[in-house]
Amino acid sequence: MKLPAEFLQLPLRFDAARLQAEIDAVPASAWRPHPQGFVDNDALLLVTAGGGQNDDLAGTMAPTPVLDRCPYLQQVMASFATVIGRSRLMRIGGAAEAKPHFDENYYWHQRMRVHVPIRTSPGVRFHCGDRSVHMQAGECWVFDTWKIHKVTNPDSAPRVHLVCDTVGSGPFWDLLARSSDPYEPRAGFRPTEIPYAAGESPRLHFETTNAPEVMSPWEQESLIAAMLDDLRAADPPAEVERQLQAVLERFRFQWRGLWARYGAGAEGYGAYRRALDGLRERLDPFAGQLQFPNGADVFGVLDKVLIGSAMTPPAPATSANDRQARPGVRMGRPVVIAAAPRSGSTLLFETMARSPVAVTVGGESHGVIEGVPALDPAGRGFASNALSAEDADRATIETLRQRFVQAVRAHEGEQGLAAKGPEVRLLEKTPKNALRLPFLRQVFPGMQLVYLVRHPRENISSIIDAWRSGRFVTYPRLPGWNGPPWSLLLIPGWRDLPADDVATIAARQWQAAHEAILDALDAAAFHRVVPVRYETLIDDPRGTLEFLCSQLDLAPPRVDGELPLSRHTLTRPDPDKWKRNAEALERVLPMVETTWQRIQRRLEAAD
């Protein structure tokens, strides 16, 4: 939450030695890695969603077994006289730091973060904006989480703070009114001592509501007004600011009208979601153009605080045990690799999957998507693998989202997901998706595209080899097909292809994939599209991946030396492999020349 000063010390003081004794009695195994992956930083969970081992920012908050065993910690939290949100002990090891960052999530945008130092040493400094303080053990502090902040611990001993999130209350604001700014100390400031009361078990009040099922127009308007006020402090270009205000003003009235019609009722979910998708499209041109005073990209903040949090429909009921078993993971904006088959997409996918925040279903998602009866080609008369936006009705969207989440959990495992932090990014690669982009855009609003292109000569040659190998059969008994078992994606018009001419089939598959991708890019504004040439990926893997991940706001994977062979590699890469199919290629390449020219224009426009 934004505050009038970088730091404010609340008029409370606690028995640090007693707090140290309580936390020293907790088993070392209870500490878990920092949710953002800061090196030599870890946490001990006290209040979480459902009281489980998770980093969720939404859901009914409840004490963990650790807090139940710490009576003085409970008394400390009770002295804040407020509703308690997510809380934990945060530890920074000796000669370590918490990296510079600011809290832009919707949850933290509306909450204060109360710090009580429990174990510290003289060299530890808390930095916020251009100021810093040493918070002494037993003191109580809040700070401006919207400004860039960090903690440095040059000493050998670890630093441990109680960190408690709260929206505040009347009594808490009374405490805040009696606080002291360390740079402009309050005269006569004297904190009240809060000693340990043996046998006392205070009743704590925890959040039960912290994410809107559908954000009310009044909350939305207050968020927009606050962010526009903050933007003005950065002195943005007047015309760009005016355009942004116009976009937000239109959306504000659109949302108000939907609220008057539907309220928070489920019958309005589809209309609300379409409004949010439309806002994201209209805001996309502002990405990178405007920044808040703390350096945050305005589009990125609006996307997280406003768009990403405007709807949180209730999840299916689960047991308390199930909630505790599931780590708190938020699926951020998905990254979809769009490409023709045999274009190197598996190689790119497997390398990008090494990103510390990337999650996958373990490979291609044929079963995840086609396991939905409405999307099964068999139930659609085997017309093709193409899916349109009209195929994305609400029930299908929700079913498919749940299937992706289930598949990710099954592949990554609960511990693996928990280790990646509170927000992960779904990475999806299935060549059939080249024919499904309008559909996927409805399922995953805000999805980002990596458009991978390989020269048609090498790419079509590899598709020919794939058909001949028999290793890429997708429909072994395709009704009405008299050729070899059908391989790779099923394209529109497949029935008209010559069953005895694999080269022509391969050329048409390559062409259909790229034409569908280009048509989708021309027809709709995706959040971000990053073209990648296969040849550039092979020649400079590290540079290509660093650029790609920077464009996608994705933590880059580690690549040492050459890229590894992908699991679907038939033979080792060789720029002259196409020559064994030279005769067939000479015959079919003219068929795809118009498409190749269209691709080149798209690539040149992006360079």
Side-chain angles (χ1 to χ4, degrees), residues 1-16 18-19 46-47 72-90 92 98 101-104 107-120 122 124-152 159-197 202 204-207 222 226 229-230 233 293-294:
M1 177 179 283
K2 189 175 181 180
L3 294 178
E6 285 83 354
F7 299 99
L8 293 173
Q9 184 180 355
L10 298 182
L12 301 172
R13 188 183 297 275
F14 308 102
D15 183 346
R18 172 76 197 193
L19 290 170
L46 301 176
V47 178
Y72 189 39
L73 268 175
Q74 296 176 45
Q75 294 171 25
V76 168
M77 295 167 76
S79 72
F80 302 153
T82 188
V83 178
I84 303 298
R86 199 182 76 153
S87 303
R88 55 202 56 218
L89 299 177
M90 302 299 293
I92 302 175
H101 64 287
F102 57 89
D103 299 338
E104 61 178 323
Y107 185 84
W108 291 310
H109 194 80
Q110 311 219 40
R111 282 163 181 76
M112 266 185 292
R113 176 157 288 183
V114 184
H115 274 246
V116 175
I118 295 176
R119 178 172 280 122
T120 188
V124 175
R125 303 291 293 182
F126 203 120
H127 306 261
C128 183
D130 57 1
R131 293 184 169 182
S132 69
V133 297
H134 170 67
M135 300 178 178
Q136 296 186 24
E139 294 178 341
C140 188
W141 292 81
V142 294
F143 69 98
D144 189 340
T145 63
W146 181 233
K147 290 188 175 179
I148 294 177
H149 53 274
K150 68 175 183 177
V151 182
T152 54
R159 184 227 73 166
V160 179
H161 279 202
L162 166 64
V163 180
C164 177
D165 289 331
T166 179
V167 294
S169 66
F172 183 84
W173 285 101
D174 293 339
L175 279 175
L176 197 67
R178 295 188 285 116
S179 64
S180 179
D181 181 343
Y183 282 82
E184 296 181 14
R186 175 186 291 271
F189 178 73
R190 184 182 297 276
T192 301
E193 299 285 342
I194 308 294
Y196 171 62
L204 296 174
H205 301 284
F206 301 104
E207 293 179 356
S222 70
D229 284 345
D230 199 41
N294 63 2

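All values reported here derive from a predicted model rather than from experimental measurement.
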* Quick one: does Thr166's side chain have a donor or acceptor within less than 3.5 Å of a partner on Val83's backbone? -> yes

* To do: Over all heavy atoms of both residues, which pair between Cys140 and Phe80 is shortest? Give the atoms and the distance, please.
  => SG-CE2, 3.7 Å

* Asked: Backbone N or O of Gly85 within a donor-acceptor pair of the Ser87 side chain at under 3.5 Å?
  -> yes

* Structure fact -> CE of Met112 to OG1 of Thr145, rounded to nearest 0.5 Å, is 9.5 Å

* Start with the C-alpha distance between Leu8 and Asp181, add both sets of side-chain angles, then the distance that settles side-chain contact (heavy atoms from CB on, under 4.5 Å), and finish with yes or no. => CA-CA 5 Å; Leu8 293 173; Asp181 181 343; 4.2 Å; yes

* Asked: Between Tyr196 and Gln75, which heavy-atom pair has the shortest distance, and what is it?
  -> CE1-NE2, 3.5 Å

* Would you call the rings of Phe102 and Trp146 parallel, tilted or perpendicular if under 30° counts as parallel and over 60° as perpendicular? -> perpendicular

* Just by distance, with hydrogens left out, do His101 and His149 show a side-chain donor and acceptor under 3.5 Å apart? -> yes

* Asked: Are any non-hydrogen side-chain atoms of Val76 and Ile194 less than 4.5 angstrom apart?
  -> no

* Any donor-acceptor pair under 3.5 Å from Ser179 side chain to Leu10 backbone -> no

* Qualifying residues under side chain to side chain contact (heavy atoms under 4.5 Å, CB included), relative to Arg186, sequence neighbours excluded -> Ser180, Phe189

* Distance-only, no hydrogens or angles: does the Tyr72 side chain make a donor-acceptor pair with backbone N or O of Asp15 under 3.5 Å? -> yes

* **Nearest-0.5 Å distance, CE of residue Met135 to CZ of residue Arg125** => 10.0 Å

* Could you tell me whether a side-chain N or O of Arg111 sits under 3.5 Å from a main-chain N or O of Asp165, the two making a donor and an acceptor? => no

* Asked: So do Glu6 and Val133 actually touch side chain to side chain, heavy atoms under 4.5 Å?
  -> no

* Separation of Arg86 CZ from Cys164 SG (nearest 0.5 Å) -> 11.5 Å

* Taking C-beta and beyond as the side chain, do Leu162 and Leu19 meet within less than 4.5 Å on heavy atoms? -> no

* Between CZ on residue Phe7 and NE2 on residue His127, distance to nearest 0.5 Å -> 8.0 Å

* Indicate yes or no for a side-chain donor-acceptor contact from Arg159 to the backbone of Met90 under 3.5 Å, with no hydrogens or angles considered. => yes

* Structure fact -> Between the CG atom in Asp103 and the NE2 atom in His109, the distance rounded to the nearest 0.5 Å is 11.5 Å

* Asked: Quick check: are there more than 12 heavy atoms from other residues, nucleotides or ligands sitting under 6.0 Å from CD of Glu193?
  -> yes

* To do: Decide yes or no for Pro117 and Phe126: does some side-chain heavy atom of the first lie under 4.5 Å from some side-chain heavy atom of the second?
  => no

* **Between NZ on residue Lys147 and CG on residue Leu3, distance to nearest 0.5 Å** => 9.5 Å

* Run the side-chain contact (heavy atoms from CB on, under 4.5 Å) check on Met1 and Val142 step by step: do they pass? -> CA-CA 10 Å; Met1 177 179 283; Val142 294; over 6 Å; no

* Asked: So, Glu139 side chain and Gln136 main chain: donor-acceptor pair closer than 3.5 Å or not?
  -> yes

* **Donor-acceptor contact below 3.5 Å, side chain His134 vs main chain Val124** => yes

